[in-house]
Amino acid sequence: MRIILLGAPGSGKGTVAKRLTAYDGSVQISTGDMLRSEVQQDTPLGLKALKFMVAGNLVPDELILEIIATRFELNPPSGFLLDGFPRTIPQATALDAMFARLGIQLDLVANLVVPEDVILDRLSNRRTCSNTACQEIYNLKSNPPGAGDTCRKCGSLVIQRADETVEAVTRRLQVYRSTTEPLVEYYTRTGQLLVVKDLKTDDVAASIIRAAGAHACI
Ligand code: AP5
Ligand code: MG
């Protein structure tokens, strides 16, 4: 599958990406996970990105575009789930140009639509594996971590992300509405948008698989 996952913070992009990876081996490419890994390793990019991330703001386009171009050009995946990218119009147009250059055809853009009260509840109960090579996602209510707050996959401690404060979540939701939501119209115009209103991960994954399969048969 070659898919973009669009949706507000907490809409479940990372969770369904991991589920879809298990379905057909397509790789999850999460710009948020990549940035958190750079931050933890204290790289120059991580140091530049950190102040934007903890405040709930977007990292500048040029930094993100460099990460994505490097990922696709050095190690082009045959199937991918883009999680958290693009999230600005300039990122989307740059991605279109990169795909045209590399001859990559997108299957669809899945927009995960989740009511705001559900989002806030999900984010306040989220826990994430602290091992940046893993970053498995948990939820104290719907998918709890293992005993002693450990990751059930790799055994590392699970933590709350640095951008999980009330202030940062509020800001991330504002930024989503002002800067990322216009991509819904962008991809409606290209005819690639699939609106997904399911709330259970199994149903979200099934809707995407069905639509991607239908697209592949055209
Ligand atoms: P990023 O890491 O992408 O964060 P986000 O978009 O705010 O999204 P989240 O990861 O918070 O939510 P999600 O949709 O993945 O939901 P999840 O699956 O975890 O970005 C972080 C920061 O990096 C940005 O703020 C920015 O600074 C920077 N950045 C990243 N990409 C960038 C870009 N392209 N340009 C510029 N800056 C960029 O689920 C949430 C919770 O709900 C979990 O607890 C999960 O277990 C639970 N859950 C999920 N689905 C379900 C379900 N169906 N039922 C019940 N519970 C569920
Ligand atoms: Mg995520």
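Starting from 1, each residue takes its place in the sequence as its number. Numbering of ligands and ligand atoms starts at 1, following listing order.
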TODO: Dump the intermediate steps for side-chain hydrogen bond (donor to acceptor under 3.5 Å, both in side chains) on N139 and R122, then the final yes or no.
DONE: CA-CA 7 Å; N139 191 283; R122 284 183 183 179; over 6 Å; no

- [ ] Quick one: do R189 and E185 satisfy salt bridge (charged side-chain N to carboxylate O under 4.0 Å, His left out)? Show the steps, please.
- [x] CA-CA 6 Å; R189 272 192 273 112; E185 200 195 318; 3.7 Å; yes

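Among protein heavy atoms, the minimum distance from atom 8 (O) of ligand 1 is reached at K13 NZ, 3.2 Å. In terms of protein heavy-atom proximity, atom 27 (O) of ligand 1 is closest to N57 O, 2.6 Å. With respect to atom 11 (O) of ligand 1, the closest heavy atom belonging to the protein is R172 NH2, 2.6 Å. Counting protein heavy atoms only, atom 10 (O) of ligand 1 is closest to R161 NH1, 2.8 Å. When only non-hydrogen protein atoms are considered, atom 12 (O) of ligand 1 lies nearest to G10 N, 2.8 Å. Closest to atom 18 (O) of ligand 1 among all protein heavy atoms lies T15 OG1, 2.6 Å. Among all non-hydrogen protein atoms, the one lying nearest atom 33 (C) of ligand 1 is R87 CD, 3.1 Å. Scanning the protein heavy atoms around atom 46 (O) of ligand 1, the nearest turns out to be N139 CB, 3.3 Å.
For ligand 1, the atoms lying closer than 4.0 Å to a non-hydrogen atom of L35 are 23 (O), 28 (C), 29 (N), 30 (C). Residue D163 approaches ligand 1 through these ligand atoms, each under 4.0 Å from one of its heavy atoms: 21 (C). Of all the atoms in ligand 1, the ones that sit under 4.0 Å from a non-hydrogen atom of T31 are 30 (C), 31 (N), 32 (C), 34 (N). Close approach of ligand 1 to Q91 (heavy-atom distance below 4.0 Å) involves ligand atoms 33 (C), 34 (N), 35 (N), 36 (C). Taking every non-hydrogen atom of A8 and a distance limit under 4.0 Å, the qualifying atoms of ligand 1 come out as 14 (O). Near L199, with a cut-off below 4.0 Å to any heavy atom, the atoms of ligand 1 are 52 (C), 53 (N), 54 (N). Of all the atoms in ligand 1, the ones that sit under 4.0 Å from a non-hydrogen atom of I137 are 18 (O), 19 (O), 43 (C), 45 (C), 46 (O). Heavy-atom contacts of G12 reach the following atoms of ligand 1: 13 (P), 14 (O), 16 (O), 17 (P), 18 (O), 39 (O), 49 (C), 50 (N) (cutoff under 4.0 Å).
Under 4.0 angstrom from ligand 1, the non-hydrogen atoms of L58 come from both its backbone and its side chain. Contacts between I64 and ligand 1 below 4.0 angstrom, taking non-hydrogen atoms only, involve the side chain exclusively. For R122, heavy-atom contacts with ligand 1 shorter than 4.0 Å involve the backbone as well as the side chain. Only the side chain of S142 comes within 4.0 Å of ligand 1, counting heavy atoms alone; its backbone N, CA, C and O stay farther away. The proximity of Y138 to ligand 1, defined as any non-hydrogen pair under 4.0 Å, is limited to the backbone.
Ligand 1 has no N or O atom lying under 3.5 Å from any N or O atom of F52, backbone or side chain. Polar contact with ligand 1: absent for R127 (N/O pair, distance under 3.5 Å). Where the criterion is an N or O separation shorter than 3.5 Å, residue side chain and backbone included, L123 fails it with respect to ligand 1.
Side-chain heavy atoms closer than 4.5 Å link hydrophobic residues (I, L, V, M, F, W, Y) into clusters, and following such links, even through other members, never connects L58 to L173. Follow the hydrophobic side-chain contacts under 4.5 Å out from V195 and you reach L82 in the same cluster. Linking Ile, Leu, Val, Met, Phe, Trp and Tyr whenever their side-chain heavy atoms come within less than 4.5 Å puts L112 and Y23 in one cluster. Hydrophobic clustering of Ile, Leu, Val, Met, Phe, Trp and Tyr side chains at less than 4.5 Å, counting indirect connections, keeps Y187 apart from V114. If you chain together hydrophobic residues whose side chains sit under 4.5 Å apart, L102 and I67 fall into the same group.
F52 is linked by a ring pair (Phe, Tyr, Trp, His ring centres under 6.0 Å) to nothing, counting only residues two or more places apart in sequence or in another chain. Residues forming a side chain to side chain contact (heavy atoms under 4.5 Å, CB included) with R71 (at least two apart in sequence, or on another chain): V27, I29, M34, N75, P77.
The residues R172 and D163 are annotated as salt-bridged, a charged nitrogen and a carboxylate oxygen being separated by less than 4.0 angstrom. Electrostatic pairing of K200 and D202 does not count as a salt bridge here, judged by no charged N lying under 4.0 Å from a carboxylate O. Between K48 and E62, no side-chain nitrogen of the basic residue sits less than 4.0 Å from a carboxylate oxygen of the acidic one, so the salt-bridge criterion is not met.
Side-chain contact between R127 and L140 is present, with heavy atoms from C-beta onward closer than 4.5 Å. R101 is listed as a side-chain neighbour of E73, based on a closest heavy-atom distance under 4.5 Å.
Counting non-hydrogen atoms of neighbouring residues, nucleotides and ligands closer than 6.0 angstrom, the CD atom of E66 reaches no more than 12 such neighbours.
Under a 4.0 angstrom heavy-atom cut-off, G7 registers as lying outside contact with ligand 1. Within the 4.0 Å heavy-atom shell around ligand 1 one does not find K141. Distances from ligand 1 to the non-hydrogen atoms of R36 include at least one value under 4.0 Å. For the ligand labelled ligand 1, residue N143 lies outside the 4.0 Å heavy-atom shell.
Of the listed residues (V59, V114, L140), the one carrying the non-hydrogen atom nearest atom 36 (C) of ligand 1 is V59.
Using a 30° and 60° split on the angle between ring planes, F80 and F99 fall in the tilted class, from 30° to 60°.
Judged purely by atom type and a 3.5 angstrom limit, N111 has no side-chain atom pairing as donor or acceptor with the backbone of L193.
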